[in-house]
Amino acid sequence: MYMTGTMKKLSESFYDRTDVLKISRDLLGKVLITNFSGEITSGRIVETEAYAGVGDRASHAFGGKRTSRMEAVYGSPGTIYIYICYGMHHLFNVVTNKVNIPHAILIRALEPLEGIEIMLKRTGKKQADFTLTRGPGNVSRALGMAKEHSGGNLLSGEIFIGDDGLRYKKDQIVITRRIGVEYAREDAERLYRFIVKGNPYVSGKKS
DNA sequence: CGACCGATCGTCT
DNA sequence: GACGATCGGTCGA
């Protein structure tokens, strides 16, 4: 996959919108980039999941719950929210909507673009196969993101999201239920997962 | 390909 | 003391 044009960093207005589903869809095709002391790694976003805040049982902020662990999800649009799952995976989320409205979007898969050698070094993998950036735990490992980055933002730091002009058409996108949120009862059925049809980096079962 | 299982530990009850 | 917004390996059909 090639870069299609000049990379333009997304501005706060992209994240400062009320419709977390629309933003989740809009994030498909955008490029997530990390630059740690010149070590640049990036990948195109091909799978996202929306978490709709206080009214969503699958959201950490359900019912207005608020703890220090999840403080970042209540931050301003463009804030980074990373938490540890199962004691070993750091899951990267984009915070959207206004401050104190805890909307978040989990980035579940990328198609690698730059810095594949660095990603191999970070993950300890020997081959750049489709597992390199498939699944939210692998995304964070490959791009070097960890919970220490939680609370930072995508507008002025070493982690950001760019737009190189690529757009997916409607028939290239599939919408499904979220993965791994069975505990959320009826909210587990919400169609909040957005994937690029047929992309080999997308997690979960093949269709 | 599907089902299951162990790893691993910070956070909240 | 229990539980995850997961992953990778194994086992059986």
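Here is how names work: the chains are called A, B, and so on, in the same order as the sequence lines, proteins then strands, and each is numbered from 1. Just so you know, these numbers come straight off a predicted model, no measurement behind them.
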5' precedence on DNA chain C between A:Gly180 and A:Thr131 (nearest-nucleotide basis): A:Gly180
Would you indicate whether the side-chain heavy atoms of A:His90 and A:His149 approach each other to under 4.5 Å? no
Suppose we screen for salt bridge (Lys or Arg N to Asp or Glu O under 4.0 Å). Which residues come up paired with A:Asp163, at least two apart in sequence or across chains? A:Arg167
Is there a side-chain contact between A:Leu154 and A:Ile80, using heavy atoms and a 4.5 Å cut-off? yes
Could you give the distance separating B:dT13 and C:dA5 at their P atoms, to the nearest angstrom? 14 Å
Using a cut-off of 4.0 Å on non-hydrogen atoms, how would the nucleic acid contact of A:Arg178 be classed: base, sugar-phosphate, or nothing? nothing
Toward the 5' end of DNA chain B, which comes first, A:Lys147 or A:Met88, by nearest nucleotide? A:Met88
Please compare A:Tyr86 and A:Ser68 by the position of their nearest nucleotide in DNA chain B and report the one closer to 5'. A:Tyr86
d(CD, A:Glu148; C1', B:dG10) in whole Å: 13 Å
Roughly how far, to the nearest 0.5 Å, is OG1 of A:Thr48 from CG of A:Leu27? 6.5 Å
Heavy-atom check, side chain of A:Asp187 versus side chain of A:Arg178, under 4.5 Å: yes
Base-pair string, DNA chain C, Watson-Crick plus G-U, cut-off 3.5 Å on both distances, | for inter-strand, is ||||.|||||||.
Does the side chain of A:Arg122 come within less than 4.5 Å of A:Thr41's, by heavy atoms? yes
Whole angstroms only, please: what is the CD1-C1' distance between A:Ile84 and B:dA7? 15 Å
What does A:Asn93 touch in the nucleic acid at a heavy-atom separation under 4.0 angstrom: a base, only the sugar-phosphate, or nothing? base
I'd like to know if the side chain of A:Arg44 reaches the main chain of A:Gly29, judged simply by a donor and an acceptor atom lying under 3.5 Å from each other, with no hydrogens or angles considered. yes
Does either side chain, that of A:Arg108 or that of A:Ser203, offer a donor lying less than 3.5 Å from an acceptor on the other one? yes
Answer with base, sugar-phosphate or nothing: what part of the nucleic acid does A:Leu91 contact at a heavy-atom distance below 4.0 Å? sugar-phosphate
Walk along DNA chain C from 5' to 3' and tell me the first and last nucleotide with an atom closer than 4.0 Å to a non-hydrogen atom of chain A. C:dG4 to C:dG8
Is A:Asn138 close to A:Thr133 at the side-chain level, that is, under 4.5 Å between some pair of heavy atoms? no
Could you tell me whether A:Arg193 contacts a base, only the sugar-phosphate backbone, or nothing, with contacts defined as non-hydrogen atoms closer than 4.0 Å? nothing
